[in-house]
Amino acid sequence: MARNITPRQENYSQWYLDVIKAAGLADYAPVRGCMVIRPTGYAIWENIQAKFDSAFKKTGHVNAYFPVLIPNSFFQKEAEHVEGFAPELAMVTHAGGEKLEEPYAVRPTSETVIGYMYSKWIQSWRDLPVLINQWCNVMRWEKRPRLFLRTSEFLWQEGHTAHETAEEAREETLKMLGVYRDVIENELAVPVIAGEKTAGERFPGAVDTYTCEAMMSDSKALQAGTSHFLGQNFAKAFDIQYQNREGELAYCWTTSWGVSTRLIGALIMTHSDDDGLIIPPRIAPVKAVILPISKDESIAANKILPIAKELAAKLDDSLGGMYTKIDTDFHARPADRFFTHLQKGVPLRLELGEKDLAAGTVRLVRRDTGEKIDVKSENVIDTVKKLLDDIQANLFTRAKNFREDNTYDAANYDELKEIINNKGGFVRAYFGGSIEDEKRIKEETGGATPRVILPGDNRGKCFITGQDNARLTIFAKAY
RNA sequence: CGGGGCGUAGCGCAGUCUGGUUAGCGCACCUGCUUUGGGAGCAGGGGGUCGGAAGUUCGAAUCUUCUCGCCCCGACCA
């Protein structure tokens, strides 16, 4: 058992922070609410980025960059948008030693600047669609920051597209929701429910918001990615007009969608255990670590290390990248070295000791199950590949089973309250209420909110209003 | 921003109420020896303007005021 990590059962929040610290993912910055993403954490982000970026490119999107400073007046142009973001704006009021005539907001999201630019770029239906993505940092002044989950500055990706028709924009919104679900489930091994948000959970300025909603290992919900159909709200606010096929002036239909470094938080809280971090193989910066082991340091360094290097080279070759690391910390005792990699979440540990050499085997130890497997040297490469796939699949299945085991149905409001308060987790119930109803439910249940409307046409009688045709919705306490 | 807790070595803490030699302890770190396949033992050693600022005092980790930060619980949120 790890001795520097608080067990989850004792204090989940502390466990989360301990895991991050033990794995060296991030550290607190001198500015409140800001964090430093350390090399190990950043390497994970780079891998996540790479998966999404190639998925965006495959769906026809291109990358661009828009400025971090946005004129404050831009936020005034969309009524709901300004209301939603005003409390979290950081404002630059001085520059070059002088007070600015108009303050600049540090971007909390870029719909406004991008809308402004799109209005200049888009003239004709022939200019559409515009499919642009940007990778950048954003700032939202947070009252209660938490590493990765809610920091004042965070890294993300924001896609902004403009289309000729509402149908096309809706299609884009759902397409990107699907891309998010695929990458989050297949690469991060985090199962999500991809569906629509209720009115109260909508992005400020959006017509419809869709989410990928995940369940963390304390059975609370985490929004892991959102995709918005913005209708013509921003087009009208920023005058994004084009001449249509009939020669008339028309407003564009726009979308926006984003995922952030919060996904690293999702990763931690989905897979990790009381021993520390667990990273799914497909996004792990180090997929396998090789430990030459000997009581005699010089044997480890001179005899075993060369064999380890040869093995590492073959593994990297077979895995298609520099994914193998050799632990040369020979002076440390084996148990200490095991824990180091355990806490960093390396999916697979390869122990190469004198006993193994004598037997012509390598000992493989899985991070997800702790299972130890002795494999003939000639089979190591194949076995590693297979085990990495197994680990990836197992992490996903394990998380999905956990979610299903912690999902309940409520036939009425009393049941919903009872489940939320006594069991936690996701509660399915038919809901057709208003934003006011959502607020009331949140107050009366001690924090449960509608997280996502289940995909598919599940209709029934609303547990609040009693109306028929209400949609089946997940309620939960959320991060 | 409201309620509660807390800032003393990298981490975890004692000392603060009742001011007074040189500010301690455990882990971690460094050196040596013995150990070594799921967090070793002994010995020696390095490391602190006590979160910061101002004040009271002959004297402040300790008292006063202000301030910054962290954690937990609420309201707000990717």
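The chains referred to below are lettered A, B, ... by the order of the sequence lines, with proteins before strands, and numbering in each begins at 1.
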Q. Whole Å only: how far is the CG atom of A/L155 from the P atom of B/A78?
A. 17 Å
Q) At under 4.0 Å between heavy atoms, what does A/Q223 touch on the DNA or RNA strands: base, sugar-phosphate, or nothing? A) sugar-phosphate
Q. Does A/R150 get its side chain close enough to the base of B/C77, under 3.5 Å, for a donor-acceptor pair?
A. yes
Q: Remember a base hit wins even if backbone is also touched, and classify A/F203 as base, sugar-phosphate or nothing at under 4.0 Å, heavy atoms.
A: nothing
Distances under 3.5 Å only, N/O to N/O: pair up the protein atoms with those of nucleotides 71-74 of chain B.
from	atom 1	to	atom 2	distance (Å)
B/C71	OP1	A/Y28	OH	2.8
B/C72	OP1	A/S13	OG	3.0
B/C73	OP2	A/R144	NH2	2.8
B/G74	N7	A/R144	NH1	3.3

Q. Does B/U56 have a Watson-Crick or wobble partner in any strand here, with both distances under 3.5 angstrom, and which is it?
A. none
Q.
Please compare A/A335 and A/F85 by the position of their nearest nucleotide in RNA chain B and report the one closer to 5'.
A. A/A335
(Q) Taking only the P atom of each, what is the distance from B/A60 to B/G2 in whole angstrom? (A) 33 Å
Q.
For the backbone of A/S298 and the side chain of A/N302, can you confirm whether one donor and one acceptor N or O come within less than 3.5 Å of each other?
A. yes
Q.
Closest approach to the side chain of A/E88, judged atom by atom: which nucleotide of B/G38, B/C77, B/U36 is it?
A. B/C77
Q: Would you mind classifying the nucleic acid contact of A/E201 as base, sugar-phosphate or nothing, using non-hydrogen atoms under 4.0 angstrom?
A: nothing
**Q.** Distance, P atom - from B/A61 to B/A54, rounded to whole angstrom
**A.** 14 Å
(Q) Output the rounded distance in Å from CD1 (A/I435) to P (B/C77). (A) 11 Å
Q | Criterion side-chain contact (heavy atoms from CB on, under 4.5 Å) against A/F148, the qualifying member of A/I264, A/L263, A/L267 | A | A/I264
Q. Has the side chain of A/D336 got a donor or acceptor atom sitting under 3.5 Å from an opposite partner on the base of B/G38?
A. no
Q | Along RNA chain B (nearest heavy atom to each residue), the more 5'-positioned of A/G370 and A/R140 | A | A/G370
Q. Could you give the CD-to-C1' distance, from A/Q343 to B/A28, as a whole number of Å?
A. 13 Å
Q: Quick one: look up who B/G47 pairs with, Watson-Crick or G-U, both distances under 3.5 Å, and put none if it's unpaired.
A: none
(Q) Distance to the ring centre below 6.0 angstrom and angle to the axis at most 45 degrees; does that hold for A/K417 and A/Y413? (A) yes
Q.
Need one value for A/P87: base, sugar-phosphate or nothing, where a base atom within 4.0 Å counts as base even if backbone is also close, heavy atoms only.
A. nothing
Q: Would you kindly check whether a donor in the side chain of A/E351 faces an acceptor in the base of B/G38, or vice versa, at under 3.5 angstrom?
A: no
Q) Within this structure, what is the CZ-to-C1' distance between A/F339 and B/C11, rounded to whole angstrom? A) 17 Å
**Q.** A/Q343 versus A/D275, side-chain donor and acceptor atoms under 3.5 Å
**A.** no
Q: Would you indicate what A/T226 reaches in the nucleic acid, counting non-hydrogen atoms under 4.0 angstrom: base, sugar-phosphate, or nothing?
A: nothing
Q) Under 4.0 Å: is that the gap between some side-chain N or O of A/K442 and OP1 or OP2 of B/C76? A) yes
Q: Have a look at A/V259 and say if it touches a base, only the backbone sugar-phosphate, or nothing, with a 4.0 Å heavy-atom cut-off.
A: nothing
Q) When rounded to the nearest Å, what value does the distance between P atoms of B/G51 and B/G15 take? A) 14 Å
Q) Counting heavy atoms not belonging to A/Q9, are there more than 12 under 6.0 Å from its CD? A) no
Q. Across all strands, who's sitting opposite B/C33 as a Watson-Crick or G-U wobble pair, both distances under 3.5 Å?
A. B/G41
Q: For A/L342, report the nucleic acid contact type (base, sugar-phosphate, nothing); a contact means any heavy atom under 4.0 Å.
A: base
Q: Using the P atoms only, state how far B/C25 lies from B/A9, rounded to an integer number of Å.
A: 14 Å
Q | B/G46 versus B/C1 - spacing of their C1' atoms, nearest Å | A | 45 Å
Q. What's the CD-C1' distance between A/E142 and B/C1, to the nearest Å?
A. 13 Å
(Q) Just the rounded figure in Å: distance from P of B/G37 to CG of A/D329. (A) 15 Å
(Q) Only pairs with both distances under 3.5 Å count, Watson-Crick or wobble alike; so what is the partner of B/G24 in this structure? (A) B/C13
Q) Run the salt bridge (Lys or Arg N to Asp or Glu O under 4.0 Å) check on A/D327 and A/R337 step by step: do they pass? A) CA-CA 8 Å; A/D327 179 318; A/R337 300 164 71 191; 3.2 Å; yes
Q. In whole angstroms, how far is the P atom of B/G38 from the NE2 atom of A/H341?
A. 15 Å
Q.
Give me the distance, rounded to whole Å, that separates B/G47 from B/C30 when you measure between the P atoms they each carry.
A. 16 Å
(Q) Taking B/A23 as the reference, what is the distance to B/A78 when you measure between their C1' atoms (whole Å, please)? (A) 46 Å
Q: Scan every strand shown for a Watson-Crick or G-U wobble partner of B/C6, both distances under 3.5 Å, and answer none if you come up empty.
A: B/G69
Q. For the side chain of A/R349, counting heavy atoms from C-beta on, which of B/G38, B/G37, B/A78 is nearest?
A. B/G38
Q) A/W257 pairs by ring-ring contact (aromatic ring centres under 6.0 Å, His included) with which of A/F203, A/Y210, A/F56? A) A/F56
Q | Whole-Å distance separating the NE2 atom of A/H331 from the C1' atom of B/G32 | A | 14 Å
**Q.** Closest to the A/K21 side chain, choosing from B/U36, B/C11, B/G39
**A.** B/C11
**Q.** Nearest-angstrom distance, P atom, B/G52 to B/G5
**A.** 22 Å
Q | Donor-acceptor under 3.5 Å (A/E142 side chain, A/P145 main chain) | A | no
Q: Remember a base hit wins even if backbone is also touched, and classify A/G258 as base, sugar-phosphate or nothing at under 4.0 Å, heavy atoms.
A: nothing
(Q) Any base atoms under 4.0 Å from A/T151, or only sugar-phosphate, or nothing? Heavy atoms, all strands. (A) base
Please tabulate, for side-chain N and O atoms in residues 65-77 of chain A, each donor-acceptor pair with protein atoms closer than 3.5 Å (sequence neighbours left out).
from	atom 1	to	atom 2	distance (Å)
A/Y65	OH	A/R107	NH1	3.3
A/Y65	OH	A/R107	NH2	2.7
A/S73	OG	A/E102	OE2	2.8

(Q) Could you tell me the Watson-Crick or G-U partner of B/C76, where both distances fall under 3.5 Å? Say none if there is no partner. (A) none
Q) Is there a salt bridge (Lys or Arg N to Asp or Glu O under 4.0 Å) between A/K197 and A/E213 once you walk through the steps? A) CA-CA 10 Å; A/K197 281 284 190 192; A/E213 208 73 19; 3.2 Å; yes
Q. For residues A/T198 and A/E438, is any side-chain donor paired with an opposing acceptor at under 3.5 Å?
A. yes
